Amino acid sequence: MSAGNGNATNGDGGFSFPKGPVMPKITTGAAKRGNGICHDDSGPTVNATTIDELHSLQKKRSAPTTPINQGAAAAFAAVSEEERQKIQLQSISASLASLTRDSGPKVVRGDPAEKKTDGSTTPAYAHGQHHSIFSPATGAVSDSSLKFTHVLYNLSPAELYEQAIKYEKGSFITSNGALATLSGAKTGRAPRDKRVVRDATTEDELWWGKGSPNIEMDEHTFMVNRERAVDYLNSLEKVFVNDQYLNWDPENRIKVRIVSARAYHSLFMHNMCIRPTQEELESFGTPDFTIYNAGQFPCNRYTHYMTSSTSVDLNLARREMVILGTQYAGEMKKGLFSVMHYLMPKRRILSLHSGCNMGKDGDVALFFGLSGTGKTTLSTDHNRYLIGDDEHCWTETGVSNIEGGCYAKCVDLSKEKEPDIWNAIKFGTVLENVVFDEHTREVDYSDKSVTENTRAAYPIEFIPNAKIPCVGPHPTNVILLACDAFGVLPPVSKLNLAQTMYHFISGYTALVAGTEDGIKEPTATFSACFGAAFIMLHPTKYAAMLAEKMKTQGATGWLVNTGWSGGSYGVGNRIKLAYTRKIIDAIHSGSLLKANYKKTEIFGFEIPTEIEGIPSEILDPINAWSDKKAHKETLVKLGGLFKKNFEVFANHKIGVDGKLTEEILAAGPIF
Ligand SMILES: Nc1ncnc2c1ncn2[C@@H]1O[C@H](COP(=O)(O)OP(=O)(O)OP(=O)(O)O)[C@@H](O)[C@H]1O
Ligand SMILES: O=C([O-])CC(=O)C(=O)O
Ligand SMILES: [Ca+2]
Ligand SMILES: [Mn+2]
């Protein structure tokens with residue numbers, strides 16, 4: 001109809017409508033065609049006779065697979081699409097098979113709720129063909145073997161959104177397009193519930209005992225928990241399966257499979273691991289490592305070694321991880337990181353809990369630091385290429401990111417201070433445990449009602465200057481980040497190699513304890529290699545590799561305090577992010593290396609006297625403290641905590657060079 005139709009000249013009672021947007025008009029008899037039936041002739045009609053038929057027109061089949069007529073793909077030409085899917089289902093079925101019964105559920109592809117046009121629902125494999133069903137069952141029939149478990153295999157973000165929103169409480173689309181999810185009772189990792197199988201091999205290879213994150217369990221107990229997880233997953237109508245990669249270095253890439261019960265977990269891993277191309281997926285084969293995430297289901301406390309209802313279990317020999325009793329998604333990402341901390345050093349590759357970026361001229365910087373110290377914030381830099389924000393490898397040829405995504409803290413996130421992270425929160429991003437307006441769905445990043453550890457997980461391509469593939473040459477700068485809530489570490493210090501090793505092994509940060517009334521004292525945390533929760537070997541093994549690499553490459557070490565200045569927490573303030581960025585810029589550009597330096601008392605740091613754009617008085621913490629006596633006392637106190645923490649490393653030799661060991665021991669605080 002023409003735009004002039006909806007006005008007051010149409011004999012409708014003399015109402016006059018304001019000019020502007022035209023009101024939609026209900027068609028009346030005046031628009032009748034010859035047959036007397038009311039028509040809206042604004043467009044052609046659809047080619048369907050029923051609503052189901054109409055719905056079926058909406059979805060066209062996915063572009064299937066590899067172009068069959070090309071080089072390497074020729075080998076697969078012999079395998080039909082049907083055959084290929086059958087092999088894939090067999091592989092998934094093998095993953096899901098019970099190891100104690102010789103029958104399990106029939107594994108079938110597709111959403112059980114998806115009705116075919118004929119109205120049937122089971123089996124819901126793409127075309128409902130029976131031959132696509134694979135069952136490992138050959139022997140006795142059990143109830144479990146009679147049922148179907150539907151596999152939702154490598155779903156797209158859009159499909160996972162729908163699954164989450166339809167079936168998982170607490171899933172919503174926020175106004176920026178992200179998927180808000182709840183992780184349940186656990187909103188952070190549970191390191192005290194992590195167990196590693198101690199067998200004849202790991203007994204000798206891994207770091208056990210005091211200070212080690214590897215709390216032992218035996219093989220049998222692992223199998224009890226594995227069976228518990230597999231039975232739980234098999235009892236469900238459907239499970240999600242992700243087949244993906246870790247590590248952008250093609251020679252050291254690992255194939256991982258994640259079996260989970262929640263769309264949230266599947267989307268999280270879709271974002272965080274490297275996404276295979278359709279072609280890669282076709283030849284994926286058997287995974288190198290499998291996670292069974294049955295996080296909604298608790299472990300059984302009567303089981304040996306279990307001290308709570310949560311258990312995160314790693315079995316390196318079986319190349320499997322089992323998660324019971326926690327839905328916090330970071331557990332999967334960091335569990336795989338632990339695996340890399342075992343596998344990579346065997347290949348003489350150093351695994352690092354660090355962010356990494358690269359300048360236009362190819363200069364690479366690593367950012368080490370414990371949780372919340374700024375790895376993600378500072379590696380995400382609009383003037384540099386992002387290689388990765390959290391987990392890397394350093395090989396003979398350079399660095400590679402282990403992951404395919406970033407996991408940013410979003411408490412108090414602001415568009416002004418962290419624009420790239422802000423803009424990465426859009427369709428496809430998982431937002432964990434954030435609070436939003438019930439109506440507008442606008443996220444309030446300052447609201448910590450659910451947890452302070454709110455997170456956004458997004459694919460690395462969501463950062464505009466991501467370096468794809470995520471690899472780079474050898475690092476020039478190694479930046480150690482500490483959020484010092486005592487406020488006595490200088491905003492930046494230049495470190496010699498021995499000092500870098502001392503601080504790398506110490507792995508210091510200080511956060512402010514809880515939110516309980518009255519507790520305002522900072523607490524020091526020491527976590528070897530800035531990631532003791534994830535390392536598998538003794539810290540000195542990683543430290544020796546880092547020392548060797550930094551020495552060979554002539555990389556410079558820096559210690560950057562992203563925490564307090566002008567006094568401890570409660571008196572001073574957190575160093576402005578803008579200042580920290582200026583410091584980091586000066587490191588990258590090489591200008592800081594040429595600055596004038598002076599040496600500090602006690603820690604013996606080399607600190608610059610001036611940096612452009614930063615008030616000089618904050619560069620030496622003593623100047624920023626009004627209470628000089630309190631400053632000295634706090635400095636001595638922190639020095640003492642460092643010394644005490646380092647005692648356990650005093651008897652360990654670092655690398656082959658006895659001299660370096662002595663230098664490292666001498667590189668700590670002296671008073
Ligand atoms: N001066 C500063 N430097 C760096 N970060 C700061 C500074 N002041 C405040 N922040 C805030 O501190 C937080 C740093 O968190 P970030 O996500 O970078 O931690 P992370 O080291 O990546 O930890 P994780 O390993 O847990 O992911 C951000 O919320 C950031 O906005
Ligand atoms: O693993 C997590 O939950 C978040 C993280 O990056 C860390 O704690 O280092
Ligand atoms: Ca991070
Ligand atoms: Mn981390």
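We count ligands from 1, going down the list as the structure has it; atoms in each ligand are counted the same way. Quick caveat: nothing in here was measured; it's all calculated off a predicted structure.
For Phe486 and Tyr569, the distance between ring centers is not under 6.0 angstrom. Ring-centre distance between His503 and Phe605: below the 6.0 Å cut-off. Remark: aromatic rings of Phe530 and Tyr508 are distant, center separation not under 6.0 Å.
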Exercise answer: donor-acceptor pairs, residues 420-430 side-chain atoms, under 3.5 Å, sequence neighbours excluded:
residue: Asp420; atom: OD1; partner: His382; partner atom: ND1; Å: 3.0
residue: Asp420; atom: OD2; partner: His382; partner atom: ND1; Å: 2.8
residue: Asn423; atom: ND2; partner: Pro419; partner atom: O; Å: 3.1
residue: Thr429; atom: OG1; partner: Ala424; partner atom: O; Å: 2.7
residue: Thr429; atom: OG1; partner: Lys426; partner atom: O; Å: 3.4

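Under 3.5 Å, the side chains of Thr451 and Asn453 contain no donor-acceptor pair of N or O atoms.
Among Gly330, Ala408, Gly372, the residue whose heavy atom sits closest to atom 19 (O) of ligand 1 is Gly372. Nearest-heavy-atom check against atom 7 (C) of ligand 1 across Lys334, Arg189, Lys333, Arg574 picks out Arg574. The residue from Asn573, Ile421, Thr377 that puts a heavy atom closest to atom 18 (O) of ligand 1 is Thr377. Which of Lys409, Lys375, Glu418 comes nearest to atom 30 (C) of ligand 1 through a heavy atom is settled by distance: it is Glu418.
The pair Lys409-Asp389 does not meet the salt-bridge criterion, since no charged nitrogen lies less than 4.0 angstrom from a carboxylate oxygen. Residues Glu461 and Arg275 are paired through a salt bridge, judged by an N-O separation under 4.0 Å between the basic side chain and the carboxylate. Salt bridge annotation for Glu168-Arg262: present, with a cationic side-chain nitrogen under 4.0 angstrom from a carboxylate oxygen. Here Lys194 does not pair with Asp313 in a salt bridge; the nearest charged N to carboxylate O distance is not below 4.0 Å. Between Arg257 and Asp288 there is no salt bridge, since none of the side-chain N atoms of the basic residue sits less than 4.0 Å from a carboxylate O of the acidic one. Using a 4.0 Å cut-off between a side-chain N of Lys or Arg and a carboxylate O of Asp or Glu, Glu403 and Lys333 qualify as a salt bridge.
Cation-pi geometry between Lys360 and Tyr385 is satisfied (NZ or CZ under 6.0 Å from the ring centre, within 45° of the ring normal).
In summary, Gly531 places no N/O/S atom under 2.8 Å from the Mn ion (ligand 4), failing the contact criterion. Asp390 lies close to the Mn ion (ligand 4), since one of its N, O or S atoms is found at a distance under 2.8 Å.
Counting non-hydrogen atoms of other residues, nucleotides and ligands closer than 6.0 Å to CZ of Arg192 gives a total of 12 or fewer. Counting non-hydrogen atoms of other residues, nucleotides and ligands closer than 6.0 Å to NZ of Lys549 gives a total above 12.
In terms of polar-atom proximity, Ile575 is counted as a contact of ligand 1, with an N or O under 3.5 Å from an N or O of the ligand. At least one N/O-N/O distance between Gly374 and ligand 1 falls below 3.5 Å.
Ligand-side atoms of ligand 1 in range of Thr562: 1 (N), 2 (C), 3 (N), 4 (C), range being under 4.0 angstrom from any heavy atom. Near Asp390, meaning under 4.0 Å from any of its heavy atoms, are these atoms of ligand 1: 25 (O), 27 (O). Within ligand 1, counting atoms from 1 as listed, the ones closer than 4.0 Å to a heavy atom of Thr580 are 1 (N), 2 (C), 3 (N).
Contact annotation: the side chain of Ser311 never approaches that of Val322 to less than 4.5 Å [non-hydrogen atoms, C-beta and beyond]. Counting heavy atoms from C-beta outward, Ile258 and Phe240 have side chains that stay 4.5 Å or more apart.
Under a 4.0 angstrom heavy-atom cut-off, His353 registers as being in contact with ligand 1.
With hydrogens left out, the protein atom closest to atom 29 (O) of ligand 1 is Val411 O, 4.0 Å, a heavy atom. In this structure, atom 4 (C) of ligand 1 lies nearest to the protein heavy atom Leu577 CD1, 3.7 Å. Among protein heavy atoms, the minimum distance from atom 27 (O) of ligand 1 is reached at Arg455 NH1, 2.9 Å. Nearest protein neighbour of atom 26 (O) of ligand 1, counting heavy atoms only, is Ser371 OG, 2.5 Å.
At a 4.0 Å heavy-atom cut-off, ligand 1 does not touch Lys417 at all. Looking at Leu370 against ligand 1, only its backbone comes within 4.0 Å, counting heavy atoms. By the criterion of a heavy-atom distance under 4.0 Å, both the backbone and the side chain of Thr373 are placed next to ligand 1.
Listed as neighbours of ligand 2 are Arg189, Tyr328, Lys333, Lys334, His353, Ser371, Asp390, Tyr407, Arg455, Phe534, each bearing a heavy atom under 4.0 Å from the ligand.
Of all N, O or S atoms in His353, the one lying closest to the Mn ion (ligand 4) is NE2.
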